[in-house]
Amino acid sequence: MAGGERFDCVVVGAGPAGTTCAYTLAKAGLSVVLLERGETPGSKNVMGGILYSTILNKVIPNFWEEAPVERRIIKKMFSILSADSELQMGMRFEDFNKPPFNNTFSVLRGKFDAWYAKKAEEAGVMLLNQAVVDKIIMENGKAVGVKTRLEDGDLFADMIVVAEGVSSLLAGRLGLREKQIPEHMVTCCKEVIGLPKEVIEERFGLEGEEGASLEYFGGSVKGMVGSAFIYTNKDTISLGIGVSTKDLKYNKLTPNDLIENFKEHPSIRRLIKGGKLLEYSAHMIPEFGYDHLPKLTMDGLITTGDAAGFVNMNPMFHEGSNLAMASGLYAAETILEAKRKNDFSEKGLAGYRRRLEGSFVFKDLKRYKGISDFALKHPEFFKEYPELLIELAEDFFTVSETPKGRSRMAVIKKGLKRVDLLKLAIGMNRARKVMF
Ligand SMILES: Cc1cc2nc3c(=O)[nH]c(=O)nc-3n(C[C@H](O)[C@H](O)[C@H](O)COP(=O)(O)OP(=O)(O)OC[C@H]3O[C@@H](n4cnc5c(N)ncnc54)[C@H](O)[C@@H]3O)c2cc1C
């Protein structure tokens, strides 16, 4: 490749957002270069591991027949932990065992991203690995190219798509986003633990390709704002924690302290017993919220995925992959429209926002925009209430010769003594508004 080469589009970052965009543009006949700083796509990426795939299934119908997905998630469990006990709610739906498998698969990003980028290459995308982009080249207020660390240097295009993930350094340098603050970030770390396939199936009650996702709140992260997770893969499990960066700093704890604490919990240690640690990684999740989204377009440039803060913060879903792919797809559709009109100005790219507004991406971001703020203002929902709930449940189910009516009253009295009912009612009402 010669330095200064020109393309229809340069895409920075071969994650779900960038690859979806590059693939769609190349399929439509545009010349596209996809720049990835890692040795291969996926080598630098961290994700809990649940791929939500309504968009991918539109881009590559029935992709699961060839993609390296691990398991289809048919079982979901939500738990509250105290220091040593657990309250669990679980569900399993047989319908999720049929295509499209509820569009929910566990994946390992190292394998999945490499496969997806290969599909993009087959569609005509030029993929360049170990291609770090340091700067967007601007000319008269328009993005016209990128400065890379490649030998051949700068690349030029009608359109630049920023899909660089949560660090969003390029978007930051262009002044497109607000300064990142701990209140808007979640710090995560994750381990991949090897276990024989049969052991995973037995411990999690699964058969064949079936998988489970388990989400843990309360004591799983020492009562901080955040949660922990376990997702089953074929012969590994992904286990991790994610906590408010602000809370982590305030409590002077490291992500490693939290993950070790989680793994030692009696409910967890039996699930991972005998497992071999294969991989450890740490990363951030953007939780800007709808009101703090960056500027999404400028002349010649579109921002997508995590770089734009498109993550559904609702702890029931933890959905980033589908939003990233949706924004990559809408960016591509907008660029194709702009090319037809030969107008790559910010005005010519207005269709991007329109597409996002009309889709689940902005609808969900708007719906759940108050979650972070709620969580930081109501820490009792992460520590005090979960601990009390478990204590009351234990009291209620402790077998004794006390007549049931009297033990029920004792539980109610204990609860009333420990909880300010007005505060609880206000908190529950706020939780309902921001979460459901
Ligand atoms: C621990 C954890 C668990 C998560 N769990 C889930 C989950 O279970 N389900 C879910 O849907 N979402 C989950 N998410 C969120 C999800 O991972 C992201 O929303 C999603 O990966 C965003 O995709 P993206 O393409 O925007 O960015 P990324 O996946 O981060 O991809 C960005 C790419 O750009 C490359 N890059 C960065 N800078 C440059 C540069 N300057 N030059 C060239 N290349 C560059 C990176 O190497 C990377 O490959 C999780 C996130 C974390 C951290």
Side-chain angles (χ1 to χ4, degrees), residues 15-16 41-53 64 67-79 81 90 96 101-116 165-166 186-206 209-217 220-221 226-243 255-256 258-265 267-285 306 311 315-322 324:
S43 59
K44 294 246 178 214
N45 291 344
V46 181
M47 184 166 103
I50 303 297
L51 172 75
Y52 297 100
S53 59
W64 56 81
V69 294
E70 294 290 315
R71 289 176 181 271
R72 46 182 90 134
I73 303 300
I74 60 134
K75 197 169 175 180
K76 284 174 171 286
M77 318 290 275
F78 295 92
S79 289
L81 299 186
F96 293 177
F101 307 109
N102 193 34
N103 282 298
T104 313
F105 299 86
S106 57
V107 293
L108 292 165
R109 288 284 299 273
K111 288 190 216 168
F112 176 81
D113 286 17
W115 167 82
Y116 198 23
V166 61
V186 170
T187 302
C188 304
C189 73
K190 177 191 147 185
E191 292 183 355
V192 176
I193 298 170
L195 276 171
K197 187 173 180 294
E198 317 74 62
V199 173
I200 292 178
E201 286 165 9
E202 199 187 315
R203 283 186 193 170
F204 293 88
L206 305 168
E209 313 270 289
E210 294 173 353
S213 73
L214 297 85
E215 309 280 349
Y216 296 90
F217 303 92
S220 63
V221 284
S227 61
F229 61 84
I230 292 182
Y231 304 140
T232 58
N233 303 314
K234 279 195 175 109
D235 53 7
T236 58
I237 63 171
S238 297
L239 174 151
I241 57 104
V243 281
N256 202 44
L258 292 178
I259 209 165
E260 287 307 321
N261 177 64
F262 177 55
K263 280 160 56 184
E264 280 160 19
H265 191 282
S267 292
I268 306 306
R269 67 170 184 249
R270 69 202 61 219
L271 295 177
I272 57 172
K273 193 171 153 200
K276 190 168 168 230
L277 178 63
L278 302 176
E279 213 181 286
Y280 176 91
S281 49
H283 208 63
M284 308 287 267
I285 300 183
D306 272 15
V311 174
M316 283 189 289
F317 307 110
H318 285 309
E319 187 183 0
S321 52
N322 213 18

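Values below: all heavy atoms of this structure, side chains included; hydrogens, waters and symmetry mates excluded. FYI, the numbering just counts along the sequence from 1. The model shown is predicted, which means the values in this text are computed figures rather than measured ones.
- Listed by chain and number, the residues in a side-chain hydrogen bond (donor to acceptor under 3.5 Å, both in side chains) with S213 amount to none (sequence neighbours excluded).
- At distances below 3.5 Å, not a single donor-acceptor pair connects side-chain atoms of S220 with backbone N or O atoms of S227.
- Side-chain contact between E260 and N256 is present, with at least one heavy-atom pair separated by less than 4.5 Å.
- Scored by the ring-ring contact (aromatic ring centres under 6.0 Å, His included) test, F112 finds W115, Y116 as partners (sequence neighbours excluded).
- In this structure, S106 and I73 have side chains that are in contact, with non-hydrogen atoms separated by less than 4.5 Å.
- Listed by chain and residue number, E70 satisfy the side-chain hydrogen bond (donor to acceptor under 3.5 Å, both in side chains) test with K111 (two or more places apart in sequence, or in another chain).
- Looking at C189 and I241, their side chains come closer than 4.5 Å, going by heavy atoms from C-beta outward.
- Annotation: the span from H265 atom NE2 to I272 atom CD1 amounts to 12.0 Å, rounded to 0.5 Å.
- Rounding to the nearest 0.5 Å places CG of N322 at 7.5 Å from CG of L51.
- Distance check: E209 CD to E201 CD gives 9.0 Å after rounding to the nearest 0.5 Å.
- Formation of a donor-acceptor pair under 3.5 Å by the Y216 side chain with backbone atoms of I268 is not found in this model.
- Side-chain contact between V311 and V166 is absent, with no heavy-atom pair separated by less than 4.5 Å.
- Between atom NZ of residue K190 and atom CZ of residue F229 there is a gap of 6.5 Å, rounded to the nearest 0.5 Å.
- Closest approach of S238 and V192 over heavy atoms only: OG-CG2, 4.4 Å.
- Listed for the T232 side chain is a donor-acceptor partner under 3.5 Å among the backbone atoms of A212.
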Output, in order, the C-alpha distance, side-chain angles, deciding distance and verdict of side chain to side chain contact (heavy atoms under 4.5 Å, CB included) for L195 and R203.
-> CA-CA 11 Å; L195 276 171; R203 283 186 193 170; 3.9 Å; yes
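- Scanning all heavy atoms of the two residues, the minimum distance from R109 to N45 falls at NH2-ND2, 2.9 Å.
- To the nearest 0.5 Å, atoms NZ (K76) and OH (Y231) are separated by 8.0 Å.
- Here the closest heavy-atom approach between residue A114 and residue G110 is recorded as CB-O, 3.5 Å.
- No donor-acceptor pair closer than 3.5 Å links the side chain of K75 to the backbone N or O of L214.
- The two residues E319 and Y52 come nearest to each other via the heavy atoms CG-CD1, 3.5 Å.
- Between I259 and L239, the closest heavy-atom pair is CG1-CD2, 3.7 Å.
- For the atom pair CG of N103 and CZ of R72, the computed distance is 12.5 Å after rounding to the nearest 0.5 Å.
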Test side chain to side chain contact (heavy atoms under 4.5 Å, CB included) applied to F101 and V69, step by step | CA-CA 12 Å; F101 307 109; V69 294; over 6 Å; no
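- When every heavy atom of F217 is checked against every heavy atom of G226, the shortest pair comes out as CD2-O, 4.1 Å.
- In terms of modelled atom types and a separation under 3.5 Å, the side chain of R71 and the main chain of E210 share a donor-acceptor contact.
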Residue pair N102, I74: steps toward the side chain to side chain contact (heavy atoms under 4.5 Å, CB included) verdict = CA-CA 8 Å; N102 193 34; I74 60 134; over 6 Å; no
